[in-house]
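What follows is a single structure, written as structure tokens, with notes after it.
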Amino acid sequence: MMNTHLQNHTAAKTGHNNQLLQEAEAYLKQYGCELSIAESAIATRLSQIASEIEATGSYTHTPEELAYGAKLAWRNSNRCIGRLFWDSLIVQDARGARTAADVAKGVFNHMEYATNGGKILPSITIFAPTVNMDEPRIRLWNEQLVRYAGYEQEDGTVLGDPISLELTRVCEQLGWRGAGTAFDVLPLIVQMGQEPPEWFEIPVELILEVPLTHPDLTAFEELGLRWYGVPFVSNMRLEIGGLHYTAAPFNGWYMGTEIGARNLADPFRYNMLPKVGALMGLDTSRESTLWRDRALVELNVAVLHSYKEQGVTIVDHHTASKQFSLFAEKERQRGRIPTGQWSWLIPPLSPATTAVFHTRYEDIEQKPNYFYQKTPYSEQQ
Ligand code: ARG
């Protein structure tokens with residue numbers, strides 16, 4: 001006779017396996033349906049998955065299932081305005097990476113491939129998944145593969161990007177030292193399961209950066225501003241058919257306002273509006289001169305101009321909004337409801353000049369999707 005402990009354990013295992021099988025079924029059915037795969041083929045595949053789950057407690061996506069899941073996760077990302085291109089996502093299967101060094105290598109390959117000399121290719125590299133979220137798993141500690149360090153100075157002000165203050169301290173504790181500029185790229189930090197994290201300096205040739213200039217304001221370049229070319233989001237969990245890919249860095253290209261109206265403009269980031277206003281000779285003594293708004297526009301002009309001039313893919317918010325309307329329309333044509341989160345879709349510059357501002361989308365969460373996960377090095381979520 002089984003003892004109670006063993007019985008409980010077995011019951012928990014069965015519950016877990018059933019739930020996983022249900023998630024797998026839901027995904028495989030959508031996969032089969034959208035790709036017009038014969039129902040019999042999907043049924044066969046599902047019985048194979050059922051045996052694998054029964055035997056091992058998990059299952060393995062085929063490369064095709066993995067790739068389509070990553071695309072669907074993008075299509076379902078309600079906060080993303082760039083989803084017109086969801087079906088062209090390029091998927092690298094790096095599930096074979098076993099060591100932190102293997103993972104770093106996969107990440108560097110991704111950076112080189114996706115940067116593509118400035119003609120950015122929307123891409124994702126997917127490392128081995130975990131089924132059980134309590135199990136050891138692969139994590140990249142960086143929020144994005146390329147981010148600038150932030151250093152708290154004697155007088156309490158921050159040199160660099162204040163968003164990176166905590167991770168910068170963590171990197172320093174691991175033995176990394178930055179050059180001490182406002183634009184030091186942080187190292188890559190990889191953690192395999194419960195092992196201690198390892199850091200890797202990112203080879204400089206993999207980091208495309210754009211020095212910012214303005215088409216008419218010649219003094220603009222004296223601000224010494226720059227930004228990196230590619231936003232590689234590296235801290236999100238990709239969930240497909242009940243499997244959790246906790247390390248799956250992905251990238252699209254920038255919409256100009258992310259840099260010009262947020263990263264460089266927010267008072268709690270690089271806070272550049274006062275400097276841009278001064279350079280433009282604006283009257284900053286009263287809010288009602290709208291010097292902030294005027295500085296904001298020129299900062300955004302500089303971002304778009306510089307990326308374009310350097311041959312680095314970027315999109316302005318007017319074009320992105322039109323592309324999003326087209327995406328929504330295509331979704332409706334295919335019989336699906338386009339979902340979105342309005343507060344994220346509207347651009348932070350002149351929102352009411354774009355169609356997204358005047359349209360409501362349903363904010364329904366669907367899977368596959370990309371989810372936030374707990375920051376591995378901090379008590380913050
Ligand atoms: N907003 C983030 C940043 O400014 C990037 C998020 C992803 N953006 C994108 N265009 N794919 O760095």
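This structure is a prediction, so every number in the text was calculated from the model and none was measured. In each ligand, atom 1 is the first atom listed, and ligand 1 is the first ligand listed.
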Review point. Will you find, in the side chains of W227 and Y254, an N or O donor that is under 3.5 Å from an N or O acceptor?
Key: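 Short answer, yes.
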Check your understanding: In terms of side-chain geometry, is the basic nitrogen of R262 or D266 positioned less than 4.0 Å from the acidic oxygen of its partner?
Key -> yes
Review point. In this structure, which one of V107, D93, L238 forms a side-chain contact (heavy atoms from CB on, under 4.5 Å) with F127?
Key: V107
Review point. Of L35, L28, I240, L243, which meets side-chain contact (heavy atoms from CB on, under 4.5 Å) against E65?
Key: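 Only match with E65 under side-chain contact (heavy atoms from CB on, under 4.5 Å): L28.
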Exercise for review: Please identify which atoms of ligand 1 are closer than 4.0 Å to at least one heavy atom of W253.
Suggested key: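 Near W253, meaning under 4.0 Å from one of its heavy atoms, ligand 1 has 9 (C), 10 (N), 11 (N).
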Check your understanding: Considering only heavy atoms of Y228, which atoms of ligand 1 have at least one such atom less than 4.0 Å away?
Key -> 12 (O)
Exercise for review: Just need the protein heavy atom nearest to atom 12 (O) of ligand 1, so name the residue and atom and give the distance.
Suggested key: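 Ranking protein heavy atoms by distance from atom 12 (O) of ligand 1, first comes Y254 OH, 2.6 Å.
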Exercise for review: Report the nearest protein non-hydrogen atom to atom 1 (N) of ligand 1: residue, atom name, distance rounded to 0.1 Å.
Suggested key: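 Ranked first by proximity to atom 1 (N) of ligand 1 is E258 OE1, 2.8 Å.
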[X] and ligand 1 - part of the residue with a heavy-atom distance under 4.0 Å:
{"X": "F232", "value": "neither"}
{"X": "R147", "value": "side chain"}
{"X": "N263", "value": "side chain"}
{"X": "Q144", "value": "side chain"}

Review point. What closest approach, in Å, do K367 and Q30 show between heavy atoms, and which atom pair accounts for it?
Key: O-OE1, 4.0 Å
Review point. Backbone N or O of I53 within a donor-acceptor pair of the T56 side chain at under 3.5 Å?
Key: no
Check your understanding: Can any side-chain N or O of R83 pair as donor or acceptor with the backbone N or O of S77 at less than 3.5 Å?
Key ->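 Confirmed, R83 side chain pairs with S77 backbone.
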Practice item. Flag W227 as yes when one of its N or O atoms lies below 3.5 Å from any N or O atom of ligand 1, and as no otherwise. Key: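 Not met; the criterion fails.
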